[in-house]
Amino acid sequence: MKIAFIGLGAMGYPMARHVAKNHEVVVWNRTRTVAEKHAAEHGTRLAEMLEWCTEAEVIITVLPTSREVDAIVDELLEDLQTGTLWIDATSGDPETSRATAARLSHHCVEFVDAPVTGAVVGAESGTLTVMVGSSEEGFRRAEPILQTFGKKIVHVGPVGSGHAIKAITNAMMATNLWMAAEGLVVLKKLGIEMKTAFEVINAGSGRSNASENLMPMRIVEGKWPLIFKLALHDKDIRIAAAIAHGEHVSTPMLALTSQLYTAALQNLGDQADYVEVAKFAAMLSGESWE
Ligand code: NDP
């Protein structure tokens with residue numbers, strides 16, 4: 001099948017590599033050299049122009065937010081072929097996606113939101129979890145393609161539902177991460193070794209993905225890689241807060257988390273990794289992880 005892949009960032013680059021094992025893939029990236037490298041390394045075809053993507057039966061987007069996806073839709077809309085399937089694996093905004101789906105359906109193009117979880121490591125190994133918001137027919141068409149980079153593919157509801165569950169998942173992770181950072185600052189003040197703290201926390205009920213997988217490497221070993229931009233995590237939390245607001249659900253913890261992450265983003269800057277909020281949490285009490 002001819003598939004166009006748009007957005008070769010930290011996630012998209014390895015995901016496109018997996019898709020290309022079973023399909024004829026044309027790649028487009030805003031920074032052209034990245035797409036050239038992908039074509040050279042993984043046997044994909046460089047789209048010299050974005051418009052080339054309309055030749056494909058399926059278009060996959062993995063972009064920062066729904067805003068960039070919409071801008072690409074705008075550029076391609078008039079040239080899209082009837083029957084094209086548009087799979088958006090961006091962690092996007094449900095409301096925008098519903099509007100995009102409606103816009104595309106006027107051109108007989110089916111839109112499926114299919115955000116992923118499992119981080120860059122899951123994208124590299126092709127073991128992502130994919131949460132799909134679509135019609136039954138959209139899911140039937142998208143599933144075999146999603147299986148090229150996903151291990152667990154779940155149809156969660158109509159268009160927008162994938163984006164909603166992704167935003168809520170990431171907001172939950174954010175609260176866990178922040179709370180773990182706060183707890184560790186307290187223990188550090190008490191003079192407890194961080195290695196000892198993790199050993200005990202991770203053997204008990206306070207453990208989480210943050211305490212088991214994200215923080216020990218950073219706080220104990222001092223390695224702070226950029227894996228997932230804090231700016232993107234902050235965007236997910238804001239989407240989650242907007243969904244809650246729209247549904248009139250009282251979410252004080254989500255509101256506080258959103259405020260804390262926005263403050264952390266302002267303090268740490270656009271290029272910070274999401275786990276670096278632990279630095280900001282420490283800074284609030286005059287501590288650091290040095
Ligand atoms: P990156 O910042 O690494 O990549 C972003 C991609 O979008 C790049 O290809 C970039 O192109 C392109 N891009 C940025 N702005 C524009 C624009 N205005 N027009 C066209 N293309 C643009 O992000 P990630 O790969 O980390 O994230 C992508 C999506 O996946 C996000 O929605 C994120 O929330 C989600 N996600 C990320 C995870 C992670 O661990 N990183 C895990 C799960 C989901 P260029 O090369 O030119 O900059």
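Excluded from the calculations below are hydrogen atoms, water molecules and symmetry mates; all remaining heavy atoms, backbone and side chain alike, are included. The residues of the chain are indexed from 1 along the displayed sequence. First listed ligand is number 1; within each ligand, the first listed atom is number 1.
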| task | Go through the side-chain N and O atoms of D234 and T262 and say whether any donor and acceptor fall under 3.5 Å apart. | result | yes

Short N or O separations between ligand 1 and the protein, below 3.5 Å:
| from | atom 1 | to | atom 2 | distance (Å) |
| --- | --- | --- | --- | --- |
| ligand 1 | 2 (O) | K229 | NZ | 2.6 |
| ligand 1 | 3 (O) | A10 | N | 2.9 |
| ligand 1 | 9 (O) | L8 | N | 3.1 |
| ligand 1 | 9 (O) | G9 | N | 3.2 |
| ligand 1 | 9 (O) | N29 | OD1 | 2.7 |
| ligand 1 | 15 (N) | R30 | NH1 | 3.2 |
| ligand 1 | 25 (O) | A10 | N | 3.1 |
| ligand 1 | 25 (O) | M11 | N | 2.9 |
| ligand 1 | 32 (O) | L63 | O | 3.1 |
| ligand 1 | 32 (O) | P64 | O | 2.8 |
| ligand 1 | 32 (O) | S91 | N | 3.0 |
| ligand 1 | 32 (O) | K235 | NZ | 3.2 |
| ligand 1 | 34 (O) | K235 | NZ | 2.9 |
| ligand 1 | 41 (N) | I227 | O | 3.1 |
| ligand 1 | 46 (O) | N29 | ND2 | 2.9 |
| ligand 1 | 47 (O) | R30 | NE | 3.0 |
| ligand 1 | 47 (O) | T31 | N | 3.0 |
| ligand 1 | 47 (O) | T31 | OG1 | 2.5 |
| ligand 1 | 48 (O) | R30 | NH2 | 3.0 |

| Just by distance, do the side chain of D273 and the backbone of F228 share a donor-acceptor pair under 3.5 Å? | yes

| message | Just by distance, no angles: are the side chains of S97 and H163 close enough, under 3.5 Å, to form a donor-acceptor pair? | response | yes

| task | Kindly assign one of parallel, tilted or perpendicular to the pair Y261 and W178, based on the angle between their ring planes and the thresholds 30° and 60°. | result | tilted

| Quick one: are the ring centres of H42 and Y13 less than 6.0 Å apart? | yes

| query | If only atom types and distance count, is the side chain of N202 paired as donor or acceptor with the main-chain N or O of S211 below 3.5 Å? | reply | yes

